[in-house]
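Written out below as structure tokens is the structure these notes cover.
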Amino acid sequence: MGTGQADNPQDVSRRRVFYIPGYDPIHPRRYRELYRKEGAAQARISGYRIGLSPKRTGGLYGWHVDSEMDGQAVTADVEVLVWSDIVRDSMSTSIPATYAQLVRTAWEYIATGALRRLMRLRKGPVIAALYPIGMLLLQLTCAMVLGWAAFAVIGWLAGGLGAVATLAGLVAWGGIVWAVLRWFKKKDGKFFAYYLMHDYAYSARYRGANPPELEARMAAFGEIIAEALTDDVQEVLVVGHSSGAHLAVSILADLIRAGRVPANGPKLAFLSLGQVVPMVSFLRGAHRLRADLRYLSAREELTWVDVTAPGDGCAFALCDPVSVSGVAPEGKRWPLVFSAQFTRSLSPERWKELRWKFFRLHFQYLCAFDRPLDYDYFQITAGPVSLSARYCDRPPSNSRIDVPVSKYTSIAA
């Protein structure tokens, strides 16, 4: 396919990488450990060397990478652009507030027709969006049934529902309902109902617009990337994973509009992984995101590659985020959309092990493949070939979806 490591001459010896996570409350050290572990595994499989050491640049959190691939040495400084504190704050809501979010979020997606149109793209992420609604309602039903059972038992023991028995029954009913709901919330590390509900509610709260605190953080991210574009490196690579992809779209669009991408500076590259852009861009108030998608897709200042996989049930696999949002301009250049091909780049044994681990598969883009094809996260982030050179001859996947589907296509509020 003309995208392998050996097919391109070295054009990068130093690189800055900025990783924008999705809606994730976990400390960013998780990403360093994931990179260290999976990078070592991929190096063993693919026959190259990669090593991590403490970060050498500013920023809140990151690490330094030294690699040698096909005899070519490269250094990379990776920085995680942290917004996990904003995520945690958005999740610190009570049980009643979460159920109120359920009602508002379901109304926003269902009443506007956004959910129906999203189902025309991929069923997987829509099912993932419906899961927390169904699970939270099931939890509430279980709590109510157990509460009413206690109410009935008290009435039976009292020989009837007199005033005292009724009061006692109602107190018991309320206490049990609350205790059961609290138990479910405590166990959400297994159910993920509250986590996913908060995730979708965060986008739906402002009907697809960014909350003010997120806009402020994105502006700060833009300043960090702009500074890197004046550094002595050959490539500045921005990686947006999951919800982080649509944050990166707006951040990069702002930088280019402001003229902060030097013509004689490092190559600017954008790699979106496992994106869920339509979950936001299809909402009626996502004017900014749609405008940024339209603008970025026609720019010459960057290379934008979008990688997903049908095996990832949490992403809009092979859905061109610009085209399906109905904002593709004339002269559209980006993104190049292709599949990571989980079922081919993972051995049958490894695929069998992972195929039902939906959240783990959503992070597979950042992990090792035991039968790698033309997508290798560690060659992209720490290898001697730039994103633009690596995929300059790579055709898009034939099975991609690139027709307009969104009902809302306005790009101005």
Side-chain angles (χ1 to χ4, degrees), residues 8 10-21 57-60 62 74-83 210 214-241 244-273 275 277 281 288-307 320-322 325 327-337 380-392 394 411:
N8 296 280
Q10 180 171 10
D11 64 344
V12 176
S13 59
R14 295 188 62 217
R15 177 185 285 111
R16 294 283 298 274
V17 181
F18 297 95
Y19 174 75
I20 306 178
T57 58
L60 290 174
V74 180
T75 63
D77 289 291
V78 183
E79 183 176 339
V80 180
L81 298 182
V82 180
W83 61 295
N210 295 319
L214 184 58
E215 279 287 354
R217 188 65 53 87
M218 289 164 60
F221 292 166
E223 292 295 325
I224 295 169
I225 297 170
E227 182 276 329
L229 286 166
T230 65
D231 202 355
D232 182 23
V233 296
Q234 289 79 46
E235 183 179 54
V236 172
L237 171 65
V238 177
V239 179
H241 178 232
H246 71 257
L247 271 62
V249 166
S250 292
I251 293 166
L252 293 172
D254 284 350
L255 281 177
I256 296 173
R257 283 195 194 97
R260 305 190 71 181
V261 179
N264 59 349
K267 294 181 179 180
L268 177 60
F270 173 31
L271 177 66
S272 50
L273 301 173
Q275 54 89 4
V277 169
S281 66
R288 165 159 160 64
L289 177 57
R290 288 191 290 267
D292 294 338
L293 286 166
R294 179 180 177 86
Y295 179 78
L296 202 67
S297 70
R299 303 309 301 180
E300 298 181 355
E301 291 90 341
L302 87 167
T303 297
W304 177 7
V305 174
D306 180 71
V307 180
D320 184 316
V322 179
S325 299
V327 293
E330 290 187 18
K332 175 179 177 292
R333 301 167 59 93
W334 312 113
L336 168 63
V337 176
I380 292 171
T381 55
V385 179
S386 64
L387 193 72
S388 59
R390 181 177 299 278
Y391 294 116
C392 62
R394 210 307 182 179
I411 58 175

When rounded to the nearest 0.5 angstrom, what distance separates [atom1] in [X] from [atom2] in [Y]?
X    : Y    : atom1 : atom2 : value
R14  : E235 : CZ    : CD    : 13.0 Å
I20  : L273 : CD1   : CG    : 11.5 Å
L81  : Y19  : CG    : OH    : 11.0 Å
T381 : F18  : OG1   : CZ    : 13.5 Å
L336 : S388 : CG    : OG    : 11.5 Å
L293 : I411 : CG    : CD1   : 10.5 Å

Considering all heavy atoms, the nearest [X]-[Y] contact:
X    : Y    : answer
G240 : F270 : N-CE1, 4.1 Å
D320 : P335 : OD1-CD, 3.7 Å
D306 : S272 : OD1-OG, 2.6 Å
L229 : P266 : O-CD, 3.0 Å
L271 : V307 : CD1-CG2, 3.9 Å
P21  : V80  : CG-CG1, 3.8 Å

| Partner residues of D254 under the salt bridge (charged side-chain N to carboxylate O under 4.0 Å, His left out) criterion, sequence neighbours left out |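 Here the qualifying residues are R257, R288.
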| field | side chain to side chain contact (heavy atoms under 4.5 Å, CB included) assessment of V233 paired with R15 | value | CA-CA 5 Å; V233 296; R15 177 185 285 111; 5.7 Å; no
| said: Quick check: do L302 and W334 have side-chain heavy atoms less than 4.5 Å from each other? | reply: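 Yes - at least one pair of side-chain heavy atoms lies under 4.5 Å apart.
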| query | Is there a side-chain contact between D11 and Q234 (heavy atoms, below 4.5 Å)? | reply |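 Counting from C-beta outward, D11 and Q234 never come under 4.5 Å.
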Please list, one pair per line, the donor and acceptor atoms closer than 3.5 Å that link side chains of residues 244-253 to other protein atoms, with sequence neighbours excluded.
{"residue": "H246", "atom": "ND1", "partner": "S243", "partner atom": "O", "Å": "3.1"}
{"residue": "S250", "atom": "OG", "partner": "D292", "partner atom": "OD2", "Å": "2.6"}

| query | Within the distance-only criterion (no hydrogens, no angle test), does the side chain of R333 pair as donor or acceptor with the backbone N or O of W304 below 3.5 angstrom? | reply |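 No, because the side chain of R333 does not come within donor-acceptor range (under 3.5 Å) of the backbone of W304.
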| R260 and E301: salt bridge (charged side-chain N to carboxylate O under 4.0 Å, His left out), yes or no, with the steps? | CA-CA 10 Å; R260 305 190 71 181; E301 291 90 341; over 6 Å; no
| task | For side chain to side chain contact (heavy atoms under 4.5 Å, CB included), just list the numbers for T303 and Y391, CA-CA rounded to whole Å, side-chain angles, deciding distance to a tenth of an Å, and then say yes or no. | result | CA-CA 9 Å; T303 297; Y391 294 116; over 6 Å; no
